[in-house]
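Below, chains carry the letters A, B, ... as their sequence lines are ordered, and counting in each starts from 1.
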There are 4 protein chains.
Amino acid sequence: MRKDKNTLILNAAIKIFAEKGYQYATIAEIAKEAAVSKGLIHFYFESKLDLMLSVILSFLEHVNEINAKKLIGSISPVDSLKAVFETFQELLFKDSDNLYKGKILNEGLPEVDKIKSKVLKNKKAAIDEQNRKLFDTIDKLIHEGQKASLLNRNLKPEIIRQILGGSSQFLTTGMYLHPFGKGGLGYNKRDVKKAMNMLIDSFRAAK
Amino acid sequence: MRKDKNTLILNAAIKIFAEKGYQYATIAEIAKEAAVSKGLIHFYFESKLDLMLSVILSFLEHVNEINAKKLIGSISPVDSLKAVFETFQELLFKDSDNLYKGKILNEGLPEVDKIKSKVLKNKKAAIDEQNRKLFDTIDKLIHEGQKASLLNRNLKPEIIRQILGGSSQFLTTGMYLHPFGKGGLGYNKRDVKKAMNMLIDSFRAAK
Amino acid sequence: MRKDKNTLILNAAIKIFAEKGYQYATIAEIAKEAAVSKGLIHFYFESKLDLMLSVILSFLEHVNEINAKKLIGSISPVDSLKAVFETFQELLFKDSDNLYKGKILNEGLPEVDKIKSKVLKNKKAAIDEQNRKLFDTIDKLIHEGQKASLLNRNLKPEIIRQILGGSSQFLTTGMYLHPFGKGGLGYNKRDVKKAMNMLIDSFRAAK
Amino acid sequence: MRKDKNTLILNAAIKIFAEKGYQYATIAEIAKEAAVSKGLIHFYFESKLDLMLSVILSFLEHVNEINAKKLIGSISPVDSLKAVFETFQELLFKDSDNLYKGKILNEGLPEVDKIKSKVLKNKKAAIDEQNRKLFDTIDKLIHEGQKASLLNRNLKPEIIRQILGGSSQFLTTGMYLHPFGKGGLGYNKRDVKKAMNMLIDSFRAAK
DNA sequence: GATGAATGAGCTTTCATTCAT
DNA sequence: AATGAATGAAAGCTCATTCAT
């Protein structure tokens, strides 16, 4: 089953955006990577910015979709929280394409300010919605956990969320490390999962 | 005592780089902000990239300098660790210029790959050295703490470092929050300090 | 009886060319207007230029055809001249499609230089022929009028032709007016006819 | 006395715009004609459109300036009208640069709709003002002439203006003629002046 | 030291045209 | 006859960098 051109371009974009950064990535290079003409990219995507927003949107949709499935059962808020961050690790560690998406997610957001066209405004709205969904999921779980005295009430939920989010992202994308010539991460997927679970457990309310 | 032109340009660059991002910042705009001609910027700095590396380098030197002073006494590894991350918060929260530097630090790193000229290679080497110094400080403290059974030995030092670094950065720069229209951070400098200390304490070895 | 596709495309082209101008009109838009695929346009017309030349040619053929019928009887050269320019006004004022053609006629001519292909050279030759026919008709009538002492001999026929042509075109297309925000023309079809007749009468030889 | 680069570019633009038409003219070609880099054109002019508007504006300013001087004395409306159109002929026949301007004036106006930027809106406003000044001059003279029973009252002033304008333009730019392979105009500057004066005289009120 | 006019490589985007289906 | 995905040349514009003054 052949991938359609749309997906082909999207995957090439993920790779090039992540390798070069949004600004340094060129349509020409993405086209070359996808083995497609420059024109075709603009046939499927309104602009370079549209292309990047499409990458981000598809990733967030994927994350929320998986979360929705995972959180159906009646597990505790703390376990749910673990599950949510596990989703991140799973997706980001699954293959390099997804690892790339984590970087793009981080880098692409400032670009969103430049949105002018109607189509892109709609796409941004869709991204915002997916983001809000993700944040709401996390914040609600933290809040529930605190209400049920399962999580430490001494920290504001926003603080906890930032700690978990920052740790998750740095652990998976290896930020801090890469540019300074240190080779690999020095740890693996399993280590990350364990660390995140311990981290969440550390926020449990003292008995 | 008037600031010399070099510093004038550096400060303008910090502001514009942080506001627009490295790529979208233009020499023209930095020149305007510094009330200086475009030509003069290239008189003091070899290139745009040189300018950004100079910003990063000066920040890291500042951080290491402060750390060196703080860690002279014979405090425990855990308290030292707290002191190091406190340095970050202090610098980054001190004024908006330094907060900006946090963002630049994050964003500028991919650019480093493009370094070609000899002068810039030297500058990169200087940055790497300052970075290694910072990392070594952190890693050594974690290692000492684990050896002295003050810190949990179940987690690799790299993991702990990434968690502390990620949390610190997300808490101070508000990443995750900004692009999605949520207004302020919802917490303040004091909250961050408390949270980082609790976080470090959570890695203490169970008795 | 359904219009055939060829005519359908031609009419769509007239509308879009006139609204947007030749250069700004796109094949895609013409195709949409004609409710036809882009590919089909190139099935019926060799190129965009061919399409415009076809519009011009069909208009000139129409003008000459009508003139031929009108000038069969033995009316005076002056009345014939009036009839010829009346044809213009009639066609151009008849409906907006024809008014459009007047604009295209004016705008399209510089494009003719770009003709390269054999097919288009033939089409250009056909246009030239129709044009020559129209000019010859006008010039001959002026010349006859002058010879019969019905028209002022102080003005060269070319001069008279340019005055009549320029007046006719400016009166019908409203050139000069449109771009400066003045609303309608301020006069109607009847006014134009009267003015053109008076203008032609003004060239009558003084007794 | 060397022409400054601004004027150099403006003159190159006049030539290329007139030869190729606004749309077909390229910045690269204008730059080559001016023996200047592409970048410099955008240093002096905001955009290609700005460049053309600048050409039109400078021409209209020139026309109105000359008219203002000519109409200071207390000559009759009819003679004033002759003087105004004489200005056109003088400017347009003076040299090929000015003849070109006549064509650009005609062709460039539809582009004005595309104006978006603030700078260009100001430029458009300036053009509109110069145009209104020109139209007001013409319309006022026609109106005065009719009021003083010097000009035929059977024709609306707008009609007379269009006839004079259209004739003037067609006579000077040779529209109608050029594209059909007929060589020169077949008449000269003197013929045009005589014809325009006769035309204006033909609108005199019958005694 | 300081200026800013001048350069030119490089980018995104448009769109007529082609061709497999 | 008809479609529309795919192509690629060409264009306007940006901006770091240079250099005469």
A:K123: what forms a salt bridge (Lys or Arg N to Asp or Glu O under 4.0 Å) with it, not counting sequence neighbours?
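A:K123 satisfies salt bridge (Lys or Arg N to Asp or Glu O under 4.0 Å) with A:D50 once adjacent residues are dropped.
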
Got a sec, which residues hit salt bridge (Lys or Arg N to Asp or Glu O under 4.0 Å) with B:K38, two or more places apart in sequence or on another chain?
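Counting only residues at least two positions away or on another chain, B:K38 forms no salt bridge (Lys or Arg N to Asp or Glu O under 4.0 Å).
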
Nearest-0.5 Å distance that lies between atom CG in C:L57 and atom NZ in C:K124:
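Answer rounded to 0.5 Å: 12.0 Å.
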
If you round to the nearest 0.5 Å, how far is CZ of A:F45 from CG of A:L10?
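Separation between the atoms: 4.5 Å.
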
Can you work out whether C:Y44 or A:I41 has the more 5'-proximal nearest nucleotide on DNA chain F?
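The answer here is C:Y44.
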
With a 4.5 Å limit on heavy-atom distance, are the side chains of [X] and [Y] in contact?
| X | Y | result |
| --- | --- | --- |
| A:L49 | A:Y22 | yes |
| B:I127 | B:Q130 | no |
| D:I14 | D:N11 | yes |
| D:H42 | D:I27 | yes |

Please write out the pairs of protein N or O atoms and N or O atoms of nucleotides 14-16 of chain E separated by less than 3.5 Å, giving the distance to one decimal.
residue : atom : partner : partner atom : Å
E:dA16  : OP1  : C:A25   : O            : 3.4
E:dA16  : OP1  : C:K48   : NZ           : 3.2
E:dA16  : OP2  : C:I27   : N            : 2.8

Heavy-atom contact window of chain C on DNA chain F, given 5' to 3' at under 4.0 Å
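In short, chain C contacts DNA chain F from F:dA2 to F:dA6.
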
Have a look at D:F45 and say if it touches a base, only the backbone sugar-phosphate, or nothing, with a 4.0 Å heavy-atom cut-off.
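Nothing, no heavy atom under 4.0 Å.
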
Return the set of residues passing side-chain hydrogen bond (donor to acceptor under 3.5 Å, both in side chains) with A:E61 (not counting sequence neighbours), or none when no residue passes.
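Counting only residues at least two positions away or on another chain, A:E61 forms no side-chain hydrogen bond (donor to acceptor under 3.5 Å, both in side chains).
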
Stem ranges for DNA chain F, with three or more consecutive Watson-Crick or G-U pairs under 3.5 Å?
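Stem list for DNA chain F: E:2-21 with F:2-21.
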
For a quick test of reading the model, state the closest non-hydrogen atom pair linking C:V55 to C:A13 and the distance between them.
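So the minimum-distance heavy-atom pair works out to CG2-CB, 4.5 Å.
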
Whole-Å gap separating P (E:dG8) and NZ (D:K32):
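Distance, rounded to whole Å: 14 Å.
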
